[in-house]
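Contents: one structure, followed by commentary.
Count residues from 1 along the sequence.
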Amino acid sequence: MSFPERIYTVKEVEKARELIQSGYRHRLTIKGTKVFKQKVRQALKLVKTAGYYDFLRTYIRNIIEIDGLTQLREADAAIWANKYAVKNPVDAASLFIQKAHHMKEYIEGKLYFGGEAEARSVKKRIEFLEKLKEKSRNKKVKEECERLLKSWSESILL
């Protein structure tokens, strides 16, 4: 059984959920300019360092460069990201995990948008930053995690 091309109808979501529960993982693809792909790969290395790569591949199929607003495209299991969203690899990595968490809730049939859902996905992003800070050996990565964690701790969402 193959993963649905689109994840939009109830039947498609159920099929996706069933495959994920049986261990399915996407082969993550990156589409965009050479610079965009390099930035995304840097972020993905950090996702791997923190131990979240399988989580990301479970829920996200593509990361695609766009000129518009960065967003999760649930029906496509894709993150549409602009060049500014991937400029900082630590922030981009945490954004990817946040969007993967959104996708997880979508597939599980939970309310994946709005205030409470946004707060849950931000908590997942913070959890990721804490784990990356703990596991990384790179001083600059640790410092950037600390800076972002401080910024999130001052956020009104939490």
[X] side-chain N/O to [Y] backbone N/O, donor-acceptor pair under 3.5 Å:
| X | Y | answer |
| --- | --- | --- |
| N82 | G68 | yes |
| E144 | K140 | no |
| S151 | R147 | no |
| Q21 | E18 | no |
| K142 | S136 | yes |

Worksheet item: Counting only heavy atoms not in E5, do more than 12 sit closer than 6.0 Å to its CD atom?
Response: no
Is there side-chain contact between [X] and [Y], with at least one heavy-atom pair below 4.5 Å?
| X | Y | value |
| --- | --- | --- |
| I60 | H26 | no |
| K45 | Q42 | no |
| F55 | K124 | yes |
| E118 | H102 | yes |
| F3 | I20 | yes |
| I64 | I79 | no |
| T70 | Y84 | no |
| R125 | D91 | yes |

N-O pairing of [X] and [Y] below 4.0 Å:
| X | Y | value |
| --- | --- | --- |
| R61 | D76 | no |
| E127 | K123 | no |
| E154 | K150 | yes |

Item to complete: Starting from the C-alpha separation in whole Å, work towards a yes-or-no answer on side-chain contact (heavy atoms from CB on, under 4.5 Å) for Y106 and L72.
Response: CA-CA 11 Å; Y106 173 79; L72 172 66; 5.8 Å; no
Could you tell me the separation between the [atom1] atom of [X] and the [atom2] atom of [Y], rounded to the nearest 0.5 Å?
| X | Y | atom1 | atom2 | value |
| --- | --- | --- | --- | --- |
| C145 | L129 | SG | CG | 5.5 Å |
| E14 | E12 | CD | CD | 10.5 Å |
| L44 | R57 | CG | CZ | 11.0 Å |

Practice prompt. With salt bridge (charged side-chain N to carboxylate O under 4.0 Å, His left out) as the test, would you mind laying out the steps for R120 and E105 before giving the verdict?
Written response: CA-CA 10 Å; R120 287 191 305 270; E105 291 198 341; 2.8 Å; yes
Would a hydrophobic clustering, with Ile, Leu, Val, Met, Phe, Trp and Tyr connected at side-chain separations under 4.5 Å, put [X] with [Y]?
| X | Y | answer |
| --- | --- | --- |
| L148 | L132 | yes |
| L56 | L95 | no |
| I66 | V86 | no |
| W80 | Y59 | no |

Item to complete: Check the pair I30 / N62 against side-chain contact (heavy atoms from CB on, under 4.5 Å), numbers first and verdict last.
Response: CA-CA 6 Å; I30 308 163; N62 301 305; over 6 Å; no
Worksheet item: Could you go step by step and tell me if E108 and K104 meet the salt bridge (charged side-chain N to carboxylate O under 4.0 Å, His left out) rule?
Response: CA-CA 6 Å; E108 290 175 351; K104 177 181 187 287; 2.8 Å; yes
Worksheet item: How far apart are the closest heavy atoms of A43 and P89, and which atoms are they?
Response: CB-O, 3.6 Å
Fill in: Geometric cation-pi criterion, K31 with F36: 6.0 Å, 45°
no
Worksheet entry | Those residues that, when tested against E65, pass salt bridge (charged side-chain N to carboxylate O under 4.0 Å, His left out) (two or more places apart) | none
Worksheet item: Only one of K15, R73, M103 clears side chain to side chain contact (heavy atoms under 4.5 Å, CB included) with I7; which?
Response: M103
Worksheet entry | Step-by-step side-chain contact (heavy atoms from CB on, under 4.5 Å) determination, Y24 to T58 | CA-CA 7 Å; Y24 181 86; T58 299; over 6 Å; no
Item to complete: Test V13 against Y8 for side-chain contact (heavy atoms from CB on, under 4.5 Å), laying out the working first.
Response: CA-CA 6 Å; V13 171; Y8 188 70; over 6 Å; no
